[in-house]
Structure formats: structure tokens, C-alpha cells
Amino acid sequence: MPKGWSICELMDVAKIVTGSTPSKSNLSYYGGNFPLYKPSDLDAGRHTNTASEYLTTKGRDVSRIIPPNSIAICCIGSIGKVGYIEQEGTTNQQINTAIPSLAIFPDYLYHLCTSTYFQNSLMEKSSAVTISIVNKSKMEHIKIPLPPKEEQARIVVAIDNLFNALDAVKENL
């Protein structure tokens, strides 16, 4: 382990919130402008800022609010799909969201959650009867590497530079 790094559990650096879906039978909850993120919305990855469904103020009031810069992770069915939530919203029950503390940069946490290491940890914690699931408490106990904040920032810049270079190559093909 590099000097200054530590191993901690996800819950040590992020609050984990399980999503919920307001009752579909109450039509007054739906059709507003408050995003209700679902697993398919996480396909946007690093820039998850639109949802396939929106709630009204009433629907928002009965939901668990997710602040911007949170990391949404699908934990039922399509385990491991990750989205970086760019605007306040809520998620359905298939998604657990990691709300970063001040100990971790949201961008670092996002890249960590998309890593093979984290994805494998999720799969190891999943249980399947008919459909794979990783519950909140199992997710909270996933061990993660935590570098000092300065190193987190350097890692994010390096990853972003690599993705920018790959995008440039793709454009030139």
C-alpha cells in the first residue's frame, strides 16, 4: 500500500441510500420535473443528468433525495451499472447511491466504482435466488483503497486525460 493510503469500507467515506419508487397508483406523484433515475438512465455513466421518468413535488416529497455529485450503482439485476448523478433527484429501489463525504472526491469515487476491483467486489457480495441482488448493508462493507485527497485529484486527472485521448483517437478513426 502506498504511503498515506488506507483501506476502508465504503460506508466510511459515503452514506449509502437505497432508492424507492413512489406508488404508481398515485398519479399525482408523476409527470413533474424532478428526476427519478432508473438503471437504464445510468447508461449515461459519468454524465447522468436526465431521467426516463420525472416526479412532481408530491412525488419528490415521498422520495429519498439524492444530492448532485452522488454515485448511483445498480444493485439488483444489472449489478454494477454506475452513474454519476449531476443534478438532485431520486432513484428507484434497484439502485443504491453513494453520497460522498468530505473524505473522498466524488469523481474519484465514481472511477473507483467503475473499476474492475469494485465491480468484482459487488459480484462477490451478490446473492441470487432468481435475480442477483446486493443489499445496502453488503455494499456498505465493500473495502476500498483510499489515497490522500491530493492523490485522489491526481488519479482523476490522469483517468480523465486517458479518456480524452481515447475520445480523440475515436474521432480520428
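Side-chain contact between Ile155 and His111 is absent, with no heavy atoms from C-beta onward closer than 4.5 Å. Considering only heavy atoms from C-beta on, Leu146 comes within 4.5 Å of Gln152 through its side chain. Contact annotation: the side chain of Ile99 approaches that of Pro67 to within less than 4.5 Å [non-hydrogen atoms, C-beta and beyond]. Using a 4.5 Å heavy-atom cutoff, the side chains of Asp107 and Arg46 are in contact. A heavy-atom distance below 4.5 Å is found between the side chains of Phe118 and Ile73.
Gln119 places a side-chain N or O within 3.5 Å of a backbone atom of Gly80 that can act as its donor or acceptor partner. Side-chain atoms of Gln87 come within 3.5 Å of backbone atoms of Asn49 as a donor-acceptor pair (strictly under, hydrogens ignored). The closest donor-acceptor contact from the side chain of Tyr29 to the backbone of Thr21 lies at 3.5 Å or more, if one exists at all.
Lys125 pairs by the salt bridge (Lys or Arg N to Asp or Glu O under 4.0 Å) definition with nothing, not counting sequence neighbours. Scored by the salt bridge (Lys or Arg N to Asp or Glu O under 4.0 Å) test, Lys3 finds no partners at all (sequence neighbours excluded).
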| message | Quick one, Thr90 with Arg60, criterion side-chain contact (heavy atoms from CB on, under 4.5 Å). Give me CA distance, side-chain angles, the key distance, then yes/no. | response | CA-CA 8 Å; Thr90 189; Arg60 179 191 187 282; over 6 Å; no
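Ring geometry for Tyr84 versus Tyr110: interplanar angle over 60°, hence perpendicular rather than tilted (30 to 60°).
Counting heavy-atom neighbours within 6.0 Å of Leu102 CG, excluding the residue itself, gives a total of 12 or less.
When each of Ile95, Thr48, Thr114 is checked for a side-chain contact (heavy atoms from CB on, under 4.5 Å) with Val82, only Thr114 meets the rule.
Nearest approach of Tyr30 to Leu36, heavy atoms of both residues: CE2-CD2, 4.1 Å. In plain terms, the two heavy atoms of Leu122 and Cys75 that are nearest each other are CD2-SG, 4.5 Å.
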